[in-house]
Amino acid sequence: MKLVRCPNCGFVCKRNGKTSAGSQRWYCNQCSCSFTNKVNKTNNNLQIFLDWLFGKHTQLDMAGDGRSFRRKTSQFWELWPLPPKVESSSSVVFVDGIYLARNACILICCNETHVLGWYVCRYEHSKAWEALLRRISSPIVVISDGGTGFQKALKKVWPKAKLQRCLFHAFQQVKRYTTIRPKTIAGCELYGIARDLLTIHTQDHAMKWVQNVMSWKVRHRVFLSEITVDENGTIRPKHERLIKAENSLVKLINKRCLFTYLDASLTCTCPATNNRIEGGVNAQLRTMLRNHRGMSIERRIKAVFWWCYMHSPNPLSNAEILKVMPTNKSISDIYHTIHEQSRLEASIPTWGDAIVWSDLHNYDCLFTNLWD
């Protein structure tokens, strides 16, 4: 049986008869406190909600054919589990964005063991990345798949952190242009060079690979210079896709972010790919959303927030979550206060009694300052 502790001193209590209403009374020998232990069903319902959200059961599988479950847990869809500031620094962090809809993206940052931060926006851009990175202590190395605007935000927020571009994503970018079965000799050679990225383990191999990329362009210079005229009469390179594939590699070489993991000056082990966040976070989130298909876009966003929060370094207990996490109404009240004080223009949308997910990226201050 679960031990009952005194609300005043925390010592274990013993039974002390019952009240006139039939409730069990408890007595503490340490501070002579007598009380009845009230069961908080809300905390239990929150745990049921999280078990369902992170599991495979449908609402129909829950008690009452889902009706009782929906009634008991509907209040938890009002909560926004927001990330706290991360003061402890990690050696290596991974960043990526997962799209839940055409205009709904959640940026995520994690280390080898926990999710450190998340941020909702319409698409990946530098301002959104800045809002995410500012709440996390600067690491030694950041591994990214090359999301739009990330490098600009990295230089501004974490200027001392080194960037490692995910080699698998660099290879995938070339493969999109060449396909896995190129029809030209130049395409076959470039595809093979890009695939060799995944097998480089020393600085000598890296230098040789860079030389192969440069020599490929020289070797096929005449072939790549061929032009053609499209249906609109515009003169275009005949092998434009190959040129774009080669340029994608040259840009990464010039930025010096392909072989950071081989840097001997690093004081930590640096992976060459973004597999930790792709397989350990994004794959889990897609599985959760697939298990609960049919949720509205706002609930999909909140489901991702819940998963990320419960996998953060120090999540609060259920009781504390219910006390401190903002709700739709509290955020809406903050917005209306800001609206009245600053006299915002009438063209800015009003949330009313419920928050509108598509406007979240316009009000970074609401989410950035709630935990401060």
Side-chain angles (χ1 to χ4, degrees), residues 1-7 12-15 17-26 35-84 98 100-101 104 106 108 114-115 118 120 280-332 352-357:
M1 184 182 68
K2 185 176 180 180
L3 299 177
V4 176
R5 296 186 177 274
C6 176
V12 178
C13 300
K14 65 178 182 179
R15 297 177 186 272
K18 294 187 177 181
T19 65
S20 58
S23 300
Q24 180 64 57
R25 185 187 292 113
W26 298 88
F35 63 96
T36 57
N37 188 30
K38 297 181 179 179
V39 178
N40 191 338
K41 293 185 178 180
T42 306
N43 296 343
N44 297 335
N45 290 339
L46 176 57
Q47 189 59 50
I48 293 173
F49 170 76
L50 295 176
D51 292 340
W52 166 81
L53 187 61
F54 302 154
K56 297 182 179 180
H57 292 294
T58 64
Q59 292 185 6
L60 190 63
D61 297 331
M62 309 306 289
D65 293 334
R67 290 187 295 272
S68 298
F69 170 77
R70 286 190 292 271
R71 184 181 68 254
K72 293 177 181 179
T73 61
S74 60
Q75 59 181 313
F76 306 128
W77 287 117
E78 298 292 314
L79 296 175
W80 286 92
L82 300 183
I98 179 172
L100 307 183
I106 296 183
I108 300 175
H114 297 102
V115 178
W118 53 96
V120 61
V281 177
N282 290 355
Q284 304 300 321
L285 293 175
R286 292 190 178 97
T287 299
M288 177 184 65
L289 297 175
R290 187 168 56 251
N291 290 336
H292 305 297
R293 294 185 296 271
M295 290 191 296
S296 65
I297 182 61
E298 182 178 331
R299 289 196 173 186
R300 271 182 278 169
I301 292 173
K302 288 185 177 180
V304 172
F305 275 38
W306 274 115
W307 192 95
C308 291
Y309 181 78
M310 298 311 295
H311 290 82
S312 60
N314 296 299
L316 300 175
S317 65
N318 291 350
E320 292 172 314
I321 289 174
L322 295 172
K323 289 181 181 179
V324 303
M325 289 301 175
T327 63
N328 287 354
K329 186 179 183 306
S330 63
I331 295 177
S332 180
D353 293 332
I355 193 170
V356 179
W357 72 267

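Numbering of residues begins at 1 and proceeds along the displayed sequence.
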Any chance the rings of Trp306 and Phe54 have centres within less than 6.0 Å? no
Look only at the side chain of Arg299 and the backbone of Ser296, and say whether a donor-acceptor pair between them is shorter than 3.5 Å. no
Do the side chain of Glu320 and the main chain of Ser317 share a donor and acceptor less than 3.5 angstrom apart? yes
Any side chain to side chain donor-acceptor pair (under 3.5 Å) involving residues 64-73? Give me the pairs, sequence neighbours left out, ordered by first then second residue. Gln59-Arg70
Is the shortest heavy-atom distance from the side chain of Phe35 to the side chain of Arg25 under 4.5 Å? no
Go through the steps to decide whether His57 and Met62 satisfy the test side-chain contact (heavy atoms from CB on, under 4.5 Å), and finish with yes or no. CA-CA 7 Å; His57 292 294; Met62 309 306 289; 4.2 Å; yes
pair Pro313-His114: side-chain heavy atoms closer than 4.5 Å: yes
Please check if the side chain of Arg300 supplies one atom and the backbone of Leu289 the other of a donor-acceptor pair under 3.5 Å. no
Just wondering, do Trp307 and Met288 contact through their side chains at under 4.5 Å, heavy atoms? yes
With sequence neighbours excluded, tell me which residues meet ring pair (Phe, Tyr, Trp, His ring centres under 6.0 Å) with Trp52. Phe69, His292
Applying side-chain contact (heavy atoms from CB on, under 4.5 Å), run through Leu322 and Phe76 and close with a yes or a no. CA-CA 9 Å; Leu322 295 172; Phe76 306 128; 3.7 Å; yes
Within a strict 4.5 Å, meaning less than it, do heavy atoms of the Ile331 and Trp80 side chains meet? yes
Write down the atom of Gly55, the atom of Asn291, and the distance for their closest heavy-atom approach. O-ND2, 3.8 Å
Begin with the C-alpha distance, continue with both residues' side-chain angles, and end with the deciding distance and a verdict on side-chain contact (heavy atoms from CB on, under 4.5 Å) for Val120 and Leu100. CA-CA 10 Å; Val120 61; Leu100 307 183; over 6 Å; no
Taking the side chain as C-beta and beyond, is there a heavy-atom pair between Pro81 and Ile321 under 4.5 Å? no
Just checking, any donor-acceptor pair under 3.5 angstrom between side chains of Thr287 and Gln284? no
Is the shortest heavy-atom distance from the side chain of Arg15 to the side chain of Gln24 under 4.5 Å? yes
Side-chain donor-acceptor pair under 3.5 Å between Thr58 and Asp61, yes or no? yes
Closest contact, heavy atoms only, Leu82 versus Phe305: CD2-CE2, 3.9 Å
Quick one: does Leu285's side chain get under 4.5 Å of Ile106's, heavy atoms only? no
Give the C-alpha distance, both sets of side-chain angles, the deciding distance and a yes or no for side-chain contact (heavy atoms from CB on, under 4.5 Å) between Ile98 and Val281. CA-CA 10 Å; Ile98 179 172; Val281 177; over 6 Å; no
Any heavy-atom pair between the side chains of Leu79 and Pro326 that's under 4.5 Å? no
What's the shortest heavy-atom distance between Leu53 and Ala303, and which atoms? CD1-CB, 3.9 Å
Measure the CG-OG1 distance between Asn318 and Thr42 for me, rounded to the nearest 0.5 Å. 10.5 Å
With distance as the sole criterion, is a donor-acceptor pair present between the side chains of Asp51 and Gln47 under 3.5 Å? yes
Does a side chain donor of either Lys302 or Asn328 reach within less than 3.5 Å of an acceptor in the other side chain? yes
Examine distances only and state if a side-chain atom of Tyr309 and a backbone atom of Leu316 form a donor-acceptor pair shorter than 3.5 Å. yes
